[in-house]
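Whatever order the structure lists them in is the order used to number ligands and atoms, beginning at 1.
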Amino acid sequence: MKKDVIVIGGGIVGLMCAYNLHKRGRQVTVIDEGTIENATSFGNAGLLSAFDKTPLSYPNVVSNTLKLMLKGQSPVIFHPGLDLKLYRWLYKFVQSANEVRTKKTMMLFEKYGQISLDIYKDLVYKEGIDFDFHHKGMLSVFTQKHTYKEKLEKYNYIDEEDRFEIFDEAKIKEYLPFANDKIEGAILFKKNAHIDPKKLMLGLKKYLKESGVEFILNEEITDIKYENNKVKYILSQNRNFYEAETFVMSTGYKTNLAKKGNKELMLTPAKGYSITFNMPKELKPKTSTLFNDLFIVMTPRFNDVRLTSKLELGSDDPTVVQRQIDSIKRNFKEYSIPFEMKDEVTWTGFRPLTPNDIPLIGRDENYSNLIYAMGLGWLGMTFAPSIGEIIGDLVEFNQTNAKNDDILLFSGFYQY
Ligand SMILES: Cc1cc2nc3c(=O)[nH]c(=O)nc-3n(C[C@H](O)[C@H](O)[C@H](O)COP(=O)(O)OP(=O)(O)OC[C@H]3O[C@@H](n4cnc5c(N)ncnc54)[C@H](O)[C@@H]3O)c2cc1C
């Protein structure tokens, strides 16, 4: 039987699209190649950090990365290969790293970050889904004098108490009792929040199931058949085929399915790691903390703490490489007093990273009932609810991309 809306891929982006479409009264089916219990959307840092967030492609990113490489602290690992797409991606990334783009991107981050935050609040306070939502700000910590100075220069002249607070030494100690005295400075960006991503995913899946959203799991979609400028049906590895009015593609870093329709999505998998462990309670950070120069995030959680880091380009191998875990710990420990990390659990995932931090969302130009919800990169938890909202508008009002202002503003299909 022909379905109404099929969402291919049940990561946070797919589930948020399903949530939004369901709320608008659509019959939604989510199809996933796995069980939706352990993809990239599960083991990440859980920051909802759209506010005062510098994009990855910012001016000086190349020189700053090279400096960190010389110090042995760089989070970036590059595996050169024969895939030309990766070099095209890198070229675009460097092109995007300019002042004008950075300013525009930061404004877009705030606009869509606020929409997302409001939807997360609805999930907690109206739908009753518990995912350890904490709206306590994100502490940005600087370990290099010059980056702290640069940041201070920007914020010294802004008078917005509800937005940020520049910390003195005592406040740093209060928020980061584990830290040693090598930290150069810290600023609390108050509008940001953090969550437990696994609790969110499992809570949302349960809510959707109970609300009547259909889940077809362990079903990899391998092909798409087109007819008269529309997707007629999709085919699975298990030889099932599914027809629908509308298809939403949210397959994370995997772009092979999009390629079946000759769509080359400019995104690349950027492998990251997390280490979840127990530490003495009195040393836990008070809120989520970004070690700005090291690209390490430390998130306090209900029972434990999580460190996330690394940005590995040119690999889609999910193996946990012990050398990278050791490197994260070594870089972190340089700024911490000694303590034992107990009951460690390590994990890897892949950010679906576009070269300019802007997602790839909107209708396919050739097949009108196919919509992409892809390319959320290192900020998928932060923006997924607003992407769900935008896709919801496209479907409900049967809009073309040109009729949807959010697509024109926030889709990488319409930005260089
Ligand atoms: C180390 C690390 C830390 C991070 N920290 C943060 C953070 O603090 N804040 C933040 O906002 N973001 C963070 N992110 C980014 C965030 O995790 C991602 O942007 C987000 O999870 C991407 O969600 P997604 O739904 O696009 O992809 P995924 O979660 O990868 O989901 C895609 C789904 O599609 C399914 N699928 C793929 N292909 C097929 C197919 N052919 N057929 C059927 N199903 C298919 C997969 O099984 C999967 O379930 C982090 C990422 C990493 C790696």
Side-chain angles (χ1 to χ4, degrees), residues 6-18 30-50 53 56 75 109 112-113 116 120 138 192-198 200-201 204-205 215-224 234-238 242 248-260 267 269-276 288-290 295-299 306-312 316 318 324 328 346-354 357 359-361 372-385 387-388:
I6 289 182
V7 176
I8 313 168
I12 188 62
V13 179
L15 292 194
M16 282 297 180
C17 289
V30 177
I31 303 183
D32 199 284
E33 64 184 8
T35 54
I36 316 193
E37 300 215 330
N38 189 22
T40 299
S41 301
F42 283 81
N44 59 67
L47 301 192
L48 309 179
S49 53
K53 180 89 159 193
L56 268 191
F109 279 2
Y112 293 101
S116 289
Y120 276 126
M138 182 197 74
N192 294 309
H194 67 269
I195 52 153
D196 181 326
K198 183 171 182 176
L200 168 66
M201 288 296 293
L204 197 51
K205 182 181 164 194
F215 281 82
I216 302 175
L217 302 179
N218 299 310
E219 183 80 322
E220 183 190 356
I221 302 303
T222 48
D223 209 352
I224 307 187
I234 54 174
L235 262 170
S236 80
Q237 200 179 31
N238 300 325
Y242 302 94
V248 177
M249 193 183 294
S250 53
T251 50
Y253 72 93
K254 295 188 177 172
T255 53
N256 46 337
L257 199 56
K259 229 176 169 177
K260 299 274 177 186
L267 65 84
K271 184 174 175 181
Y273 288 76
S274 68
I275 314 167
T276 309
S288 59
T289 303
L290 167 67
F295 197 61
I296 291 180
V297 172
M298 187 177 197
T299 321
R306 176 169 290 166
L307 284 181
T308 51
S309 188
K310 295 293 172 194
L311 200 136
E312 199 169 335
D316 58 4
Q324 303 305 346
I328 297 171
T346 54
W347 170 92
T348 64
F350 295 92
R351 307 170 187 91
L353 204 60
T354 61
D357 295 289
L360 298 171
I361 52 176
Y372 300 99
M374 308 273 290
L376 272 294
W378 62 313
L379 294 169
M381 310 312 290
T382 304
F383 294 121
I387 300 303

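Around atom 42 (N) of ligand 1, the closest heavy atom drawn from Asn38, Thr40, Ile221 belongs to Ile221. Summarising the contacts of atom 3 (C) of ligand 1 with Ile12, Leu217, Asp32, Asn44, the nearest heavy atom is found in Asn44. Of the candidates Gly9, Gly113, Ala39, Ala45, the one placing a heavy atom closest to atom 5 (N) of ligand 1 is Ala45. Taking only non-hydrogen atoms, the option from Glu219, Arg351, Met16 nearest to atom 51 (C) of ligand 1 is Arg351.
Below 3.5 Å of separation, one finds an N or O of Leu47 facing an N or O of ligand 1. Residue Glu33 places at least one N or O, backbone or side chain, under 3.5 Å from an N or O of ligand 1. Of the N or O atoms in Gly349, none lie within a sub-3.5 Å distance of an N or O in ligand 1. Geometrically, ligand 1 and Leu257 share no nitrogen or oxygen pair separated by less than 3.5 Å. An N or O contact shorter than 3.5 Å is missing between Trp347 and ligand 1 by distance. Considering backbone and side-chain atoms together, Val13 places an N or O closer than 3.5 Å to an N or O of ligand 1. Of the N or O atoms in Pro352, none lie within a sub-3.5 Å distance of an N or O in ligand 1. Of the polar atoms of Gly377, at least one N or O is found under 3.5 Å from an N or O of ligand 1, judged by distance alone. Taking any N or O of Ser274, backbone or side chain, none lies under 3.5 Å from an N or O belonging to ligand 1.
Of the possible donor and acceptor atoms, one in the side chain of Asn192 sits under 3.5 Å from a partner among the backbone N and O of Ala50. Counting only distance, with no hydrogens or angles, the side chain of Thr308 and the backbone of Asn44 share no donor-acceptor pair below 3.5 Å. Between the side chain of Thr354 and the backbone N or O of Pro359, no donor-acceptor pair lies under 3.5 Å. Formation of a donor-acceptor pair under 3.5 Å by the Thr299 side chain with backbone atoms of Ala45 is found in this model. Formation of a donor-acceptor pair under 3.5 Å by the Ser288 side chain with backbone atoms of Met138 is not found in this model. Looking only at distances, no side-chain donor or acceptor of Ser41 sits under 3.5 Å from a matching main-chain atom of Gly11.
With a 4.0 Å heavy-atom cut-off, ligand 1 is reached by no atom of Tyr253. Residue-level proximity to ligand 1 for Trp378 is carried by the backbone, the only part with a heavy atom below 4.0 angstrom. Proximity of Ala384 to ligand 1, defined as any heavy-atom pair under 4.0 Å, is not found for any part of the residue. Of all the heavy atoms of Met381, the ones lying under 4.0 Å from any atom of ligand 1 are found in both the backbone and the side chain.
Taking CE from Met249 and CD1 from Ile8, the interatomic distance works out to 5.0 Å, rounded to the nearest 0.5 Å.
Close approach of ligand 1 to Gly46 is summarised as follows: ligand atoms under 4.0 Å from at least one heavy atom of the residue are 7 (C), 8 (O). With ligand atoms numbered from 1 in the order given, ligand 1 contributes 1 (C) to contacts under 4.0 Å with heavy atoms of Tyr273. Within ligand 1, counting atoms from 1 as listed, the ones closer than 4.0 Å to a heavy atom of Leu379 are 10 (C), 11 (O), 12 (N). In summary, the atoms of ligand 1 found under 4.0 Å from a heavy atom of Gly272, numbered by their order in the structure, are 1 (C). Set against the non-hydrogen atoms of Glu220, the atoms of ligand 1 under 4.0 Å away are 41 (N), 42 (N). Close contacts between ligand 1 and Lys254 involve ligand atoms 37 (C), 38 (N) [criterion: under 4.0 Å to a heavy atom].
Ranking the protein heavy atoms by distance from atom 27 (O) of ligand 1 puts Gly252 CA, 3.3 Å first. Of all protein heavy atoms, the one closest to atom 31 (O) of ligand 1 is Gly11 CA, 3.2 Å. Of the protein's non-hydrogen atoms, Ser41 OG, 3.8 Å is the one closest to atom 28 (P) of ligand 1.
Contacts of Phe295 classified as ring pair (Phe, Tyr, Trp, His ring centres under 6.0 Å), with partners at least two apart in sequence or in another chain: Trp378.
In the displayed structure, Lys205 atom NZ is contacted under 6.0 Å by more than 12 heavy atoms of other residues, nucleotides or ligands.
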Practice prompt. Applying side-chain contact (heavy atoms from CB on, under 4.5 Å), run through Leu56 and Leu311 and close with a yes or a no.
Written response: CA-CA 11 Å; Leu56 268 191; Leu311 200 136; 3.7 Å; yes
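Residue contacts with ligand 1 leave out Val297, since none of its heavy atoms falls under 4.0 Å from the ligand.
Tyr273 is listed as a side-chain neighbour of Thr348, based on a closest heavy-atom distance under 4.5 Å.
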